[in-house]
Amino acid sequence: MSLVIRNLQRVIPIRRAPLRSKIEIVRRILGVQKFDLGIICVDNKNIQHINRIYRGRNVPTDVLSFPFHEHLKAGEFPLPEFPDDYNLGDIFLGVEYIFHQCKEDEDYNDVLTVTATHGLCHLLGFTHSTEAEWQQMFQKEKAVLDELGRRTGTRLQPLTR
């Protein structure tokens, strides 16, 4: 199904084509390519606003995920009953925040891919409220990013705390 990437900010330039191609591969690796997915790129002001409303945290952040199937356990696949249920949800990327958090030796576009992968894992029920959950999510992201690397020649690492 479709992958929609919207850039709703003008602070940081976004190259959507490389992000799209890598996230399409990530979707295939995870086995969710038949599901719709939205990735929305926003600036600090907007990610902070969304974070305040939905998480009660009045600070910008790197990623916020809004799953369509809200009660999945880590690694479960949605079981759609209707065509409209073939939707994973939306990922908001705080691209300005991500850009400013990048280290000198990091490629911004690679960090966007890693952050979007992290958000996609959230849509599939992974969380990191506890150390055990964090480890489970980290291992899943590592496996996905390692396979992405085998397919594309990239060497990406999961987000760290």
Side-chain angles (χ1 to χ4, degrees), residues 3 5 7-9 11-32 37-67 69-70 72-77 88-161:
L3 168 60
I5 300 176
N7 182 16
L8 301 181
Q9 57 84 46
V11 180
I12 305 297
I14 299 289
R15 295 178 54 221
R16 286 187 284 187
L19 179 61
R20 172 181 300 284
S21 68
K22 287 183 180 149
I23 295 304
E24 288 289 11
I25 295 168
V26 167
R27 287 173 24 148
R28 285 194 294 277
I29 292 167
L30 287 167
V32 294
L37 173 64
I39 297 178
I40 302 97
C41 301
V42 295
D43 58 19
N44 277 352
K45 177 183 170 196
N46 285 300
I47 200 83
Q48 180 173 339
H49 178 74
I50 297 165
N51 202 16
R52 182 176 61 248
I53 290 171
Y54 291 97
R55 296 183 67 228
R57 297 182 180 174
N58 192 23
V59 294
T61 191
D62 55 353
V63 61
L64 294 170
S65 297
F66 295 91
H69 302 274
E70 295 183 21
L72 291 178
K73 290 183 175 62
E76 281 185 349
F77 287 95
L88 290 179
D90 295 313
I91 299 167
F92 284 79
L93 294 177
V95 295
E96 183 180 2
Y97 182 89
I98 294 166
F99 181 81
H100 292 297
Q101 294 298 312
C102 279
K103 298 175 179 84
E104 285 185 28
D105 63 338
E106 290 180 312
D107 179 273
Y108 169 67
N109 292 301
D110 286 346
V111 177
L112 279 181
T113 299
V114 169
T115 307
T117 300
H118 181 85
L120 186 48
C121 285
H122 277 305
L123 296 182
L124 294 173
F126 288 91
T127 63
H128 43 78
S129 301
T130 68
E131 182 63 28
E133 290 173 347
W134 174 261
Q135 288 300 323
Q136 182 182 27
M137 186 169 186
F138 183 89
Q139 292 305 319
K140 182 63 169 183
E141 286 179 40
K142 181 156 181 37
V144 169
L145 293 172
D146 285 350
E147 179 59 26
L148 177 65
R150 281 190 276 286
R151 295 182 188 192
T152 64
T154 57
R155 293 171 109 16
L156 306 180
Q157 294 300 310
L159 296 178
T160 57
R161 287 186 177 199

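All residue numbers in this chain count up from 1 along the given sequence.
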Check whether more than 12 heavy atoms from other residues, nucleotides or ligands sit under 6.0 Å from atom CZ of F66, and answer yes or no.
-> yes
In plain terms, say whether D146 and R150 are close enough for a salt bridge, that is, a side-chain N and a carboxylate O under 4.0 Å apart.
-> no
Do L37 and L123 have side-chain heavy atoms sitting under 4.5 Å apart?
-> yes
Distance col, row I40:CD1 vs F92:CZ, nearest 0.5 angstrom, shows 4.0 Å
N7 and Q9: side-chain hydrogen bond (donor to acceptor under 3.5 Å, both in side chains), yes or no, with the steps?
-> CA-CA 6 Å; N7 182 16; Q9 57 84 46; 2.8 Å; yes
Search all heavy atoms of R20 against all heavy atoms of L3 and return the closest pair with its distance.
-> NH1-O, 2.6 Å
Atom SG of C121 and atom CD of Q139: how far apart are they, to the nearest 0.5 Å?
-> 11.5 Å
Criterion side-chain hydrogen bond (donor to acceptor under 3.5 Å, both in side chains) against T127, the qualifying member of H122, E133, Q136 = E133
Would you give the length of the straight line joining atom CD of Q157 to atom CZ of F138, rounded to the nearest 0.5 angstrom?
-> 6.5 Å
Do I12 and Y108 have side chains that get closer than 4.5 Å, going by heavy atoms?
-> yes
Taking all atoms of both residues into account, what is the closest heavy-atom pair of I91 and G119, and its distance?
-> CD1-C, 3.7 Å
Evaluate the side-chain proximity of R52 to H49: yes if any heavy-atom separation is below 4.5 Å, no if none is.
-> yes
R15 side chain to N109 main-chain N or O, any donor-acceptor pair under 3.5 Å?
-> no
Do you know which of I39, V63, L88 makes side-chain contact (heavy atoms from CB on, under 4.5 Å) with L120?
-> L88
So do the side chains of K140 and L124 get within less than 4.5 Å of each other, counting heavy atoms only?
-> no
Taking the side chain as every heavy atom from C-beta outward, state whether T113 and L148 have any atom pair closer than 4.5 Å.
-> yes
Work out which heavy atom in Q48 is nearest to a heavy atom in P60; give both atom names and the distance.
-> OE1-CD, 3.5 Å
Return yes when atom CZ of R57 has more than 12 non-hydrogen atoms of other residues, nucleotides or ligands closer than 6.0 Å, and no otherwise.
-> no
The reported gap from CZ in R151 to OG in S21 (rounded to nearest 0.5 angstrom) is 13.0 Å
Roughly how far, to the nearest 0.5 Å, is the OG1 atom of T117 from the CD atom of E141?
-> 7.5 Å
Can you find a pair of side-chain heavy atoms, one from W134 and one from E131, that are under 4.5 Å apart?
-> yes
Is L8 close to D43 at the side-chain level, that is, under 4.5 Å between some pair of heavy atoms?
-> no
Interatomic spacing from SG in C41 to CG in N46 - rounded to 0.5 Å | 12.0 Å
Looking at K22 and D110, does any basic side-chain N land under 4.0 Å from a carboxylate oxygen?
-> yes
With a cut-off of 6.0 Å (strictly less than), are more than 12 heavy atoms of other residues, nucleotides or ligands near CZ of R28?
-> yes
Flag side-chain contact, heavy atom, 4.5 Å: Q101 against D62 | no
So does H100 have more than 12 non-hydrogen atoms from other groups sitting under 6.0 Å from NE2?
-> yes
